[in-house]
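Below is one structure, written out as structure tokens; the observations come after it.
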Amino acid sequence: MIRSLSAVALALFLFAGLSVPQTKSSLATPAKVPDSTPQAPETILKLRASSTTNLQSEMGGVFSSAKCDADGNLYIRKFAMDRPLLGPVAKIDSDGKRVALFEPAAFSQLALDRSDSFSPASDGGIYRIAQIGVSNPQIYVLHFSSDGAPSSATRLDADLEVYTFAAFADGNFLVSGTKRDLNNKNDRGRNFTAVFSADGRELAQISFEKPHEVEAVGTKAEAKGGQKQPSKEADKAAPMLDLADAEVGSDGYLYVLRSSSPALVYAISSSGRIMKTLKVAAPAGAAPVAFHVSGNRMAVSYWSEKSQSQMVVVEDAQTGEKIATYEGPDELGNLFTCYSANEGVFTFLKLGEGNELELIRAEAQ
């Protein structure tokens, strides 16, 4: 069965505070600072709201995720009370007006049971993962045109619970989740990530390092030594998901986030090859929540449960070099939805007064 944010939407509708770490690349080890030379404290820039737009078309406000495209359109995954597993995605233009609604129910011939993760398409529409059935699900990728009309449905040669899905610019798909024997209650599943062709064929499976094989600092080779081995209890636990979110970069690769500690971002080609791995050392107690790619930069948001604060770190998406760290006040909103590297603008969503969504753009003070 596909598993996604919709399954936890009631508990996490507007969750997503963000906090931020220091970034290091898996491609290079930073120079060592002599012990006699104290490091200067990091400068943290303050984010302040530059504009607020009330999305009057989105009254009711309940949503579970949002993404942007290169043209500045916002895509909001809505929650529908009458069909909680088949909620639509609303497309909002840069002026805050709804221009399309992507309804999974429009594929009436499929009799879908649920529809989950989505990915903006280059033609202004979206791709969305969906399924029919539970014990032996049929997995589909739905393509909607820019006006919201159903375009095509591609069945994948796959049998898994999907957690993360994204489309490459050339039409291939990245699908990540777990495989398990539903008839065996002791089977906690195994991670599965693969690239599929535009017609649904599996092209390549992808393997990642286990969390305990990765250290916060150093190269991939260094990470394999001196790490404490996991306990037998940890081995019995359900596997940590391979990937948490994914977005297309300007180089055509998919940049995918893994919510490990440290957080990892992989650049994956449409053939299924891992081109590079970027390590992001998070502050103590902070967890990666979301990330967005814009141009040759990447913004990763973090939330610290201990300090109840959110931060965003911007990095070079090619090298992993940290560019700046930003701190955002609570009034910016809970969900970091968009980042524009050229404009230096960060966009957040929040539920405002009157139960309508507010789109808040913020810049460094």
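Starting from 1, each residue takes its place in the sequence as its number. Note that the coordinates shown come from a computational prediction; the quantities given were computed from them, not determined experimentally.
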[X] versus [Y], closest heavy-atom pair with distance:
| X | Y | result |
| --- | --- | --- |
| Ala100 | Phe102 | CB-CZ, 4.1 Å |
| Val314 | Ala299 | CG2-CB, 4.1 Å |
| Gly328 | Leu47 | CA-CB, 4.3 Å |
| Leu160 | Ala158 | CD2-CB, 3.5 Å |
| Ala66 | Thr337 | CB-CG2, 3.6 Å |
| Ala166 | Ala246 | CB-CB, 3.6 Å |

Is it true that a side-chain atom of [X] and a backbone atom of [Y] form a donor plus acceptor pair closer than 3.5 Å?
| X | Y | value |
| --- | --- | --- |
| Ser145 | Asp147 | no |
| Thr347 | Arg361 | no |
| Lys91 | Gly124 | yes |
| Asp157 | Arg201 | no |
| Ser119 | Ala167 | yes |
| Thr52 | Ile360 | no |
| Arg128 | Asp116 | yes |
| Asp69 | Asn73 | yes |

Under a 4.5 Å cut-off applied to non-hydrogen side-chain atoms, are [X] and [Y] in contact?
| X | Y | value |
| --- | --- | --- |
| Ser115 | Ile129 | no |
| Ile126 | Val89 | yes |
| Ser57 | Glu356 | no |
| Arg155 | Gln138 | yes |
| Glu247 | His292 | yes |
| Gln205 | Phe192 | yes |
| Phe348 | Glu358 | no |
| Asp123 | His143 | yes |

Report whether [X] and [Y] are members of the same hydrophobic cluster (ILVMFWY, side-chain heavy atoms less than 4.5 Å apart, transitive linking).
| X | Y | value |
| --- | --- | --- |
| Leu142 | Ile132 | yes |
| Leu45 | Phe336 | yes |
| Leu86 | Leu110 | yes |
| Met298 | Met275 | yes |

Does the side-chain contact (heavy atoms from CB on, under 4.5 Å) test come out yes or no for Leu278 and Leu264, once each step is laid out? CA-CA 6 Å; Leu278 306 177; Leu264 299 176; over 6 Å; no
For [X] and [Y], which I'm curious about, is there any donor-acceptor pair between the side chains at under 3.5 Å?
| X | Y | value |
| --- | --- | --- |
| Ser197 | Asp199 | yes |
| Thr178 | Asn191 | no |
| Arg77 | Ser65 | no |
| Ser176 | Thr193 | yes |
| Gln318 | Lys276 | yes |

From [X] [atom1] over to [Y] [atom2], what is the distance, rounded to the nearest 0.5 angstrom?
| X | Y | atom1 | atom2 | result |
| --- | --- | --- | --- | --- |
| Ile268 | Asn172 | CD1 | CG | 12.5 Å |
| Ser271 | Leu203 | OG | CG | 8.5 Å |
| Leu359 | Asn54 | CG | CG | 9.5 Å |
| Asp159 | Gln131 | CG | CD | 10.0 Å |

When the ring planes of Phe118 and Tyr75 are compared, do they come out parallel, tilted or perpendicular, using 30° and 60° as the limits? tilted
Salt bridge (Lys or Arg N to Asp or Glu O under 4.0 Å): which pairs involve residues 100-110, sequence neighbours left out? Arg83-Glu103
Ring centres under 6.0 Å, that's the criterion: do Phe144 and Phe107 meet it? yes
Hey, do the aromatic rings of Phe79 and Phe63 have their centres closer than 6.0 Å? no
For atom [atom1] of [X], is the number of surrounding heavy atoms from other residues, nucleotides or ligands below 6.0 Å larger than 12?
| X | atom1 | result |
| --- | --- | --- |
| Arg48 | CZ | yes |
| Lys97 | NZ | no |
| Gln56 | CD | no |

Kindly determine whether Lys78 and Glu58 satisfy salt bridge (charged side-chain N to carboxylate O under 4.0 Å, His left out), including the steps that lead there. CA-CA 9 Å; Lys78 305 278 290 183; Glu58 308 311 313; 3.4 Å; yes
For the pair Phe173 and Tyr127, evaluate ring-ring contact (aromatic ring centres under 6.0 Å, His included) and give the outcome as yes or no after the intermediate values. CA-CA 9 Å; Phe173 308 115; Tyr127 291 100; 5.4 Å; yes
